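Have a look at the structure below, then the notes.
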Amino acid sequence: MKIFCVGRNYVAHAKELGNEIPDDPIIFMKPKSALLQAHTPFYYPEFTNELHYECELVLRVSKNGKYIQERFANKYYDAVSVGIDFTARDIQQTCKEKGLPWEIAKSWDNSAVIGKWVPVANLKNKKDINFCLYKNKELVQQGSSAMMMHNFDKIVAYISNFFSVNIGDLIFTGTPAGVGECVVGDELEGFMEDESMFELEVK
Ligand code: ZN
């Protein structure tokens with residue numbers, strides 16, 4: 001199982017971090033060990049002093065493929081969730097300044113959180129899925145798939161040019177504006193439309 005992530009897929013988020021707007025999706029990966037298993041506590045990692053949440057829509061790959069054409073890409077995922085791409089922002093910043101890979105900021109154990117799955121067939125409109133994140137009952141991030149620069153089908157097709165996609169792979173599709181810090185004791189809750197998808201306390 002692989003976890004793909006898209007960087008800078010929302011204009012407002014790219015700008016809040018002072019990044020350029022890319023033409024192609026920016027793809028990075030997390031290993032299987034990055035996935036926080038259900039009923040497992042999330043602990044603040046000891047190597048960072050600036051842990052950021054990034055709330056994102058997540059796709060579940062349901063078919064094996066390579067070199068997938070965009071117009072057929074919708075056949076390769078069957079469910080959507082809301083998750084968090086946890087990021088050690090201080091470490092990422094250092095890596096970026098030095099032009100180095102940023103895995104140690106992004107791909108550590110338990111840095112990928114996913115909520116429950118909603119079958120694509122049950123979505124009213126996958127081109128406009130509203131999702132948001134609350135921190136300590138306060139709204140901190142809000143987005144919609146309608147605001148993405150690269151939609152689900154484009155992302156799947158693009159990734160498949162470089163990597164085979166396999167059943168069970170996950171794709172974090174990028175975070176909207178409003179990323180920020182969390183500390184021990186914070187409670188995070190992600191929603192898709194009006195439905196709570198996950199709750200998590202930083203331990
Ligand atoms: Zn992200």
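Every number for a ligand or one of its atoms is a count from 1 in the order of the listing. The structure presented is a predicted model; accordingly, all values stated were derived computationally and were not measured.
- Atom OE2 is the N/O/S atom of Glu56 found closest to the Zn ion (ligand 1).
- With respect to Lys116 and Glu195, a salt bridge is recorded, a charged nitrogen being found less than 4.0 Å from a carboxylate O.
- Phe4 and Phe163 have tilted rings, their planes meeting at an angle from 30° to 60° on a 0 to 90° scale.
- When distances from the Zn ion (ligand 1) to the N, O or S atoms of Asp85 are compared, OD2 comes out shortest.
- Distances from the Zn ion (ligand 1) to each N, O or S atom of Glu54 single out OE1 as the nearest.
- The aromatic ring centroids of Phe72 and Tyr76 lie 6.0 Å or more from each other.
- Ionic pairing of Glu54 and Lys106 is present here: one or more N-O contacts between side-chain nitrogen and carboxylate oxygen are shorter than 4.0 angstrom.
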